[in-house]
Every structure is written in structure tokens, then in C-alpha cells.
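Whatever order the structure lists them in is the order used to number ligands and atoms, beginning at 1.
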Amino acid sequence: MSDESGRDEASEAPRSPKGTHDVLPPESARWEALIATFAQLATRHGFGLAHTPAFEDARVFRRGIGDASEIVNKEMYEFEDRSGRRLALRPEGTAPIVRAFVQHHPGVPWRVWYVTPAFRYEQAQAGRYRQHHQVGVEVLGTEDPDVDVEVISLAHDFYVALGLTRFTLRLNSLGDLECRPAYLEELRSYLASHETELCDEHATTWSRNPMRVFDCKRETCRAVADTAPRLAERLCAPCTAHLARVTAGLDAAGVAWALDGRLVRGLDYYTRTTFEFTGTALESASDAIGGGGRYDLLAEALGGPPTPGIGFGSGIERVLLACDAEGVLPAASRDPEVFVVDVTGGEVARDLVLALRRIGIRAARSYDARSMRAQLKQADRAGAPLALIIGPAELESLTVVVRDLASGVQSAEPIEALLERAAADGAVRAVGS
Ligand code: HAM
């Protein structure tokens, strides 16, 4: 069979699917650094790691995120397994965590962090993938606005810890069951009178989820949204007080924010606080580096007891693009610190690399009984600054020649002594240096 470009499919090597990408060394060292930074911050904030399955009963997302949302309607990878169960690959991390909370009823407040792939059938482009990855946190069981401040500050501190400076935080409140229904009615009648001015998509869909019009990037919808009534000005007293306490807390934490009445977010579970971090050095079509908010009704929607919650997720690829744009978070060197060159059969190399690794040193060697020349070439290519060379004379005397590969300077030392010094120093050094 041939594809549209005329290539022969059967003989062609399969490639990673559209919108996905492999994360490989050395780039993956940045992933390790990013995830370690997030894990450390989350641990300091009292979050424990949670892993949930990559696929769930599709109802977790249909009920949790909302049937009318684009993510569920157009982008979810939904399928039947071989026994006819309706399943979906997770498009995001929050609904599965809340499903797990309802299932296991841990004590509250429950604070968990995660690092997970997420799957969305999107128009693949730079910064927008069909499988992306998120780090995130969720807190269940409290509606205290101080927790909103903690969660938002954690995201902020994460970006700062990575070295990012060019990002902004937009904040909004989506109200609650008290104030939102009346507002939605008002917005509906406003949109009804402007229906003909909306873009093709929203002219037909606005009544199902009128707030989505605020999210639309098309000029026609933007103009209508500009003069639409804003929820921020119609919040009930408790929602107003909640928002005021959040903004006061962010000020106290030194986290800059800006209110944005158009920030509605793409998931329908949000109530009250919503927020988004924008990387200002990124292309505007994919400049959200993280976002989140409250979802005080989600646990009930998934069959659990009424339990408020808040969290955020941050796209690893997007954050790394922001790091690229700002020239921060370079890949840490994973090059070996020493390269063992053994031309006596490889037994010394076998034992020495393991002994060195056990005392914490990145040690490498070559295999397949190569010549001295070939092994030294490989040591150079691997980026090792030092070679530990074992020839017949060294094997006889249980010594090793330590050679500085840049200068060629070398000295011999008993293997035992070298290992003892390396264990004490945490590094291998040539004698006298
Ligand atoms: P979200 O805004 O849909 O929220 O996604 C979170 C972050 O994931 C985005 O800010 C962006 O950095 C990244 N992201 C989303 N879609 C893609 C994509 N197609 N390609 C690359 N990166 C992407 C959520 O998922 C919520 N679960 C966040 C949350 C947690 N709300 C409360 N708790």
C-alpha cells in the first residue's frame, strides 16, 4: 500500500505518530532537572506523588470535564476495549485524581502532585501536541482561599526556580452556584442579540456554553466579548470575598497578577478562582505554560461527597520552550567523569567501572575487546576528561594510568589507592592535582 506521497508503506520504517515526540538524551536531562525541581517544591509544600492509570472509564472525563467541552467532544482519544468497556486516554490530570479521591476516600486536605502524559487530538503544531506531559498538583477538601494562594505561588516559584522571568499571571473568578446561573442568563440574552456577529463556530454553539465565546481568538467573537457583561462584576458576596483574600495573599507572597474577566479556561469543572501563566517569550498560539483553578463541584459530579478542590497543571514541553526562549535550564552534562580503557581482556574494566559507580562516579568503558586506539577515541567522543588505562604492566602491578585526555599528562597509581581517594573526594583526580 502507498500513502499519498507515493511511498511504499509496507517497506517503510514506522515513525512516531503525528503530534507525538520522543524524549531522548541529551535533551531528556532537562526533563529530569525540570521534574526534580517540581518534585522538590511539591514535597516542600506537603504534596505526595500520585500515579493514576493512563486510561480511565470515559465517564470520568465526560462527567468531570463536561460533555460540551472541546477537549471531550473533539479531542479525547476514546475507544472500546476488547470487552466493550468505554475507555479514554487521559486528556488531563485533574479528573483522574478526583476519581481516585472518591474511590479511596483519603483524609482531607489531600495534597498530591503528579507528572503525567496527556492525550488530546489537537491540530499538531509547535508547542501543541497530541501527547504532551504535565506536572501538577491538586488539593482536595478545603475551600480556604489561602490554599489558592499556596497553589498559585507554587506554580510561580516553580517557574522562578527554573530561571524563567518572562511570564505573567492572569486571574479570574468564575463564581459559584449562587452567582453564576443568573450571570449565564444575562450573558445568554446578550449573546442572543449579537448572534449574527459571532464566528461561524460560536454562532451555533454559544447557547450550550456561552462563556466559551470569551475564549475565542477570532476577531468577530472578540468584538462581541469585549462589550459582554462580565462575571467579575456580578459575583456574590462570598465569591467576592474569596477573590479578595486570594489577591491579598498573592500580593503578600510577592506574586504579580492581573485580573482578566475573559479567562474562562477550556474545562467546564471550574468554579471561583481560575488562573493561567503565560510565557511572554512564546508564540501566542501556544503561550500558556500552566493553568488551573478551583473545581468545588467536581467530586460530586464523579459520585463522591461534596468536596472542594483546587490545583494546576503545567505543560513540560511548553515550559521547556519558554526556557529555550529565555536561554535558561541548559541540559546538565551526563558525560562520564572517567573512561576505563582496558586492553588486557576487560576484566579490570568490568570490575573497576562497577566499583567507581558504587561510590557515585559516572564511569564508562568500551566493550568488544577493542584496540587501545579505538578505546581512547571512544573515551574522547564520550566527553570524558580522564581515561583510566590498564595495559599488561598495570594488570601485573594492580595499578592504573590516569590520563588527562585534554593535556595528555598522565600518572600511575595503585587501583586500591585510586578508589580510596575517589571515595573520599567524590571524584577521580590524577595524583597531585
Ligand atoms: P490545561 O490548561 O488544559 O489544564 O493544561 C495545562 C497545561 O498543559 C497548559 O497550560 C499547557 O502548558 C499544557 N498543555 C495543554 N495542552 C497542551 C498541548 N496540546 N500541547 C502541549 N502542552 C499542552 C489542565 O489540564 C487542568 N487539568 C489543570 C488543572 C489542574 N486545573 C486544576 N487542576
Self-check item: Protein contact of atom 18 (C) of ligand 1 - nearest heavy atom, named by residue and atom, plus distance
Solution: H132 ND1, 3.4 Å

Self-check item: For ligand 1, the portion of F277 having any non-hydrogen atom under 4.0 Å away
Solution: neither

Quiz item: What protein heavy atom sits nearest atom 13 (C) of ligand 1, and how far off is it?
Solution: G315 CA, 3.6 Å

Quiz prompt | Shortest protein contact, atom 19 (N) of ligand 1 (heavy atom only) | solution = E122 OE2, 2.6 Å

Quiz prompt | Which residue and heavy atom of the protein sit nearest atom 8 (O) of ligand 1, plus the separation | solution = Q134 NE2, 3.3 Å

Quiz item: Could an N or O of ligand 1 be found under 3.5 Å from any N or O of T94, whether backbone or side chain?
Solution: yes

Exercise. Please state which part of Y269 comes within less than 4.0 Å of ligand 1, counting heavy atoms only: side chain, backbone, both or neither.
Key: side chain

Which atom pairs, one a donor and one an acceptor, fall under 3.5 Å between side chains of residues 353-360 and the rest of the protein, sequence neighbours left out?
{"from": "R357", "atom 1": "NE", "to": "A363", "atom 2": "O", "distance (Å)": "2.9"}
{"from": "R357", "atom 1": "NH2", "to": "A363", "atom 2": "O", "distance (Å)": "2.8"}

Exercise. Please work out which of G309, A118, G291, G311 has its closest non-hydrogen atom nearest to atom 28 (C) of ligand 1.
Key: G291

Self-check item: E178 atom CD: more than 12 heavy-atom contacts under 6.0 Å
Solution: no

Practice problem: Find all atoms of ligand 1 within a distance of less than 4.0 Å from any non-hydrogen atom belonging to E138, and give their numbers and elements. | Solution: 30 (C), 32 (C), 33 (N)

Quiz item: For ligand 1, which atoms sit closer than 4.0 Å to a heavy atom of A288?
Solution: 10 (O), 11 (C), 12 (O)

Exercise. Run the numbers for me: atoms of ligand 1, each under 4.0 Å from some heavy atom of G313, listed by number.
Key: 6 (C), 7 (C), 28 (C), 29 (C), 30 (C)

Practice problem: Return a yes/no value for Y114: is any of its N or O atoms, backbone included, closer than 3.5 angstrom to an N or O of ligand 1? | Solution: no

Practice problem: Among residues two or more places apart or on two chains, list those pairs meeting salt bridge (charged side-chain N to carboxylate O under 4.0 Å, His left out) that have a residue in residues 152-173. | Solution: R170-D260, R170-E276

